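Before any comments, here is the structure.
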Number of protein chains: 2
Amino acid sequence: MSTVSRVINDTGYVSSDSRQRVMKVMEELHFTPSNVARGLVSGKTSSIGLLIPDVSNPFFSDVARGIEDAASTLGLSVILCNSDWKIEREQTYIDILKGKWVEGIVVVGARSSEQQLQSVLSGLPFVLVDQRSTQNVSCVWIDNELGGYIATKHLVERGCKRVMHVRGPANSPSAMGRHQGFLRAVAERTMSGKFISGNFRFESGYAAMGKILDDGLPDGIFAGNDMMALGMIQAAQTMGIKIPQDFLLVGFDDISFSSYISPTLTTVRQPGYLMGKSGVELLNQQIAYGHSKPQSREYQPELVVRNST
Amino acid sequence: MSTVSRVINDTGYVSSDSRQRVMKVMEELHFTPSNVARGLVSGKTSSIGLLIPDVSNPFFSDVARGIEDAASTLGLSVILCNSDWKIEREQTYIDILKGKWVEGIVVVGARSSEQQLQSVLSGLPFVLVDQRSTQNVSCVWIDNELGGYIATKHLVERGCKRVMHVRGPANSPSAMGRHQGFLRAVAERTMSGKFISGNFRFESGYAAMGKILDDGLPDGIFAGNDMMALGMIQAAQTMGIKIPQDFLLVGFDDISFSSYISPTLTTVRQPGYLMGKSGVELLNQQIAYGHSKPQSREYQPELVVRNST
DNA sequence: TTGTATGCGTTATCAT
DNA sequence: ATGATAACGCATACAA
């Protein structure tokens, strides 16, 4: 009955009498209109995809929360997809999401290249979060290079003479950016800046601490992210090395746990929640105003000084 | 063309010639069948809802990961809904999910009563995770009472004479269960067992430490969850109180950070990832075999002894 | 083995 | 102001 449709959508002419009756019956039958049928006719499913490496990772779970909150505000539902940093899984999920006619996808920390993404997405709106676009796609990011620079400079200003970097994985643009910033800060003072590679995980930081000790302890270390920094703190603890007495430590991300440990961790804040929120807003622009000009939102990394330095 | 449908679903008779041609064309056009249209005709959307208080909470993000993994394995997509422990939001999301024709809902740590849930869901399959059912609905849970008992008994066995409990919120069945276990263990030794209320958050544990100090420090504290325990560790640290020298501390959950801090936290493990995974499996039973007999899966709380005791 | 018709629940267009 | 009809994309039942 089209009259029903009219009262539901509040469109067209409906006598107040009919409206009353329809509303009454809807109450009685607990009637909920089918978004599936609606989607089929309108092409709009009011759903978006969230492609993210791992929701159980503290930084990403913050991002995810920001995304879901913003989406919810816009009346959009979020379909959660964990890719585990695997390109293959990214592609698989994208196919599924396309089949579901999501209105767009928020891609967080993707491993696939932008070309791959664009090719597979074939026109479906999407935004990159935690990643800068080199093509012309909407994205939300922070200047990792600057963040790495700030972190390292802080170490130097605190009087460190031998600084080191525990870098994230080489296939992560964020990790590489931070490393670049580290190198720039180090070059400015004509210091040497050694680094070792990790994988952004706690265990990786823990293990790094061992290797570092073999090479002789530096007086300042910039960890590529907070999880590795936590690992280093834990390792240092068991080794009887004191922070900040024996060396200063700076992390990256400012996950909540950075201020929940001892020593509280000096770190470079990345506003995960906000970045997620912004991502959805940009995506919504794309969705609403068609394939207009992509926008990007850049956040500034911010040093948060705590007890580890 | 129904032949196309036949090759996609691999049903009915199709000459290998036609199959070849169809597949070829599908490749060329990057054809992806619409799950929306499919859902409309079959009534199956291959989507489930995930209603959870807060994905950015470490325990819940573990659960969420388990759920998404299991769902993905079963070919189900997960729609993420954060309720913030608000009954109102739970209801709102449920309505949305119903409109989307999800095949079922995994309800994690709900605040709504089972009656409310059943009433709003009106027949839609759902399972409770992190909550025991008093009605007849599928659920995955651990024995919180036993967990609380184990934690407290551990304290006693370690020689504590005056134990305390920092409880979670009164409207949380988990919190109350753990408290009950605490009381039972205390009663067995005819000890007094004071407690104060918290809200399961870090700040709450931090604040609790202050109040506890006013009443005179006990020699053993059982915190209602790990987040509060972390808050207490942090507060103790700033107050110059040493753990486990000045008092022993046991948490609950075993979130990963429990072993990432100093002192590493003795805690009662709750297998969040597994519980999420099981939840989906039970839900799938409900979905597949109609409204058959609900099942429940109980996990045993397990004491993990670390340095805080 | 293949094509045609019908219906899923909703909305938009057209008649009434 | 309201009802009838077509269409969305697919799968099923039926006819060829």
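Convention: sequence-line order gives letters A, B, ...; per-chain numbering from 1. Remember, predicted model here, so these are calculated numbers, not experimental data.
- Regarding Q20(A), its CD atom lies at a distance of 12 Å from the P atom of dT2(D), rounded to whole Å.
- Rounded to an integer number of Å, the gap from R19(B) CZ to dT2(C) C1' is 13 Å.
- Residue S2(B) is in base contact, counting any heavy-atom pair closer than 4.0 Å across all strands shown.
- Among the protein residues, S15(B) comes within range of the sugar-phosphate backbone only, with heavy atoms under 4.0 Å from sugar or phosphate atoms but none that close to a base.
- With dT2(D), dG9(D), dG3(C) as the choices, the nucleotide that has an atom nearest any side-chain atom of R6(A) turns out to be dT2(D).
- Proximity note for R38(A) (side chain, C-beta onward) versus dT11(C), dG9(C), dT13(C): the nearest is dT11(C).
- In this model, no side-chain donor or acceptor of T3(A) finds a partner on the base of dG3(D) within 3.5 Å.
- Not a single donor-acceptor pair, N or O on each side, falls under 3.5 Å between the base of dT2(D) and the side chain of S18(A).
- E68(A) approaches V78(A) most closely through the heavy-atom pair CA-CG2, 4.0 Å.
- Side chains of S278(A) and Y299(A): a donor on one and an acceptor on the other come within 3.5 Å.
- There is a side-chain donor-acceptor pair under 3.5 Å between S2(B) and R6(B).
- With rounding to whole Å, L40(A) atom CG is found 14 Å from dA12(C) atom C1'.
- Judged by distance alone, with hydrogens and angles left aside, the side-chain atoms of D226(B) form a donor-acceptor pair with the main-chain N or O of D254(B) at under 3.5 Å.
- Looking at heavy-atom distances under 4.0 Å, V14(B) makes contact with sugar-phosphate atoms alone, never a base.
- Residue S34(B) places none of its side-chain N or O atoms closer than 4.0 Å to OP1 or OP2 of dG9(D).
- Side-chain N or O atoms of N225(B) include one that pairs as donor or acceptor with a backbone N or O of F200(B) at under 3.5 Å.
- Straight-line distance from the NZ atom of K44(A) to the P atom of dA12(C): 12 Å, rounded to whole Å.
- For S5(B), whose side chain is taken as the heavy atoms from C-beta onward, the closest listed nucleotide among dT2(C), dT10(C), dT12(D) is dT12(D).
- Side chain of V41(A), nearest nucleotide from dC10(D), dC8(D), dA11(D): dC8(D).
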